Amino acid sequence: MRDFRLYAITGENFHPGRELVEVMEQAIIGGADIIQYRDKTSGREDRLRKAKALRELTRKYDIPFIVNDDVDLALEVDADGIHLGQGDLPLEEARRRVGDKVIGISTHAIEEALLAQEQGADYIGAGPVYATQTKADVVDPVGLDYIREVSRQITIPFVAIGGIKLGNVDEVIEAGATRVCAISEIVSSDDVAGACRAFIDKLEGKG
Ligand code: TZP
């Protein structure tokens, strides 16, 4: 898959009154280079409409578009890939359905990371690094040690996720992450593009 640095995921509850597509466009303008549509609350029609709009947006900027959890939706809008949690569709079944589209897998332990890699995941999410309120069923934070472990043992791309803020991302990078993902720190910002630029600066060692 095409490599990336800053992975922005949608989180509409963090920006009431602001349009989803506008917020995500600001994220892209600020340097987010992959976008995931994650939505645990909207109904089918809304989800289809939003996913189509984000597909259009990401085409305009030529960056990958990933859909969380919903293979049918990913196929319907011709997303570039799908992101699956440990409790979602098994990777091998997802691969049969999406062919050579990107498959990302959330992992919380090195055994899960190694298995995802062996089964042909294109990238893994590693986290939650810190406690986060964003994900309801999230497991306990895995901490920076997990990031160190993954960076030593995993050869496919991995992205650190969970509670990552501009104020703590330095230590995540120091632990070995070269790609980070954030929801609340990006989309709740008054200056979404500026928040992304600041993340990129940190990833480039300039922050
Ligand atoms: N998966 C692991 S933690 C998390 C997801 C989707 C939520 C990340 O959100 P935030 O606001 O960046 O902590």
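What you see is a predicted model, and the numbers here were worked out from it, not measured in a lab. Just follow the structure's listing: the first ligand is 1, and inside any ligand the first atom is 1.
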Touching ligand 1 at all, Gly163? Heavy atoms, strictly under 4.0 Å? yes
Proximity to ligand 1 by part of Thr134, non-hydrogen separation under 4.0 Å: side chain
For Glu185, which part has a heavy atom under 4.0 Å from ligand 1: side chain, backbone, both, or neither? neither
Thr58: partners by side-chain hydrogen bond (donor to acceptor under 3.5 Å, both in side chains), with sequence neighbours left out: Arg55
So, are Arg95 and Asp122 salt-bridged, with charged N and O less than 4.0 Å apart? yes
Taking 4.0 angstrom as the limit, do Asp78 and Arg59 come out as a salt bridge? yes
Do any nitrogen or oxygen atoms of Ile183 lie less than 3.5 angstrom from nitrogen or oxygen atoms of ligand 1? yes
Candidate with minimal heavy-atom separation from atom 13 (O) of ligand 1, of Ile9, Thr132, Ile186: Thr132
Does Ile156 offer a backbone N or O that forms a donor-acceptor pair with the side chain of Gln117 under 3.5 Å? yes
One finds that the ligand 1 atoms under 4.0 Å from a non-hydrogen atom of Ser184 are 10 (P), 11 (O), 12 (O)
Ring pair (Phe, Tyr, Trp, His ring centres under 6.0 Å) pairs, two or more places apart, involving residues 60-106: His83-Tyr123
Measure from the side-chain N and O atoms of Arg18 to the backbone N and O of Val187, and report whether any donor-acceptor pair falls under 3.5 Å. yes
Does ligand 1 have any atom sitting under 4.0 Å from a heavy atom of Arg38? yes
Where ligand 1 meets Ala182 - atom numbers and elements under 4.0 angstrom, heavy-atom basis: 12 (O)
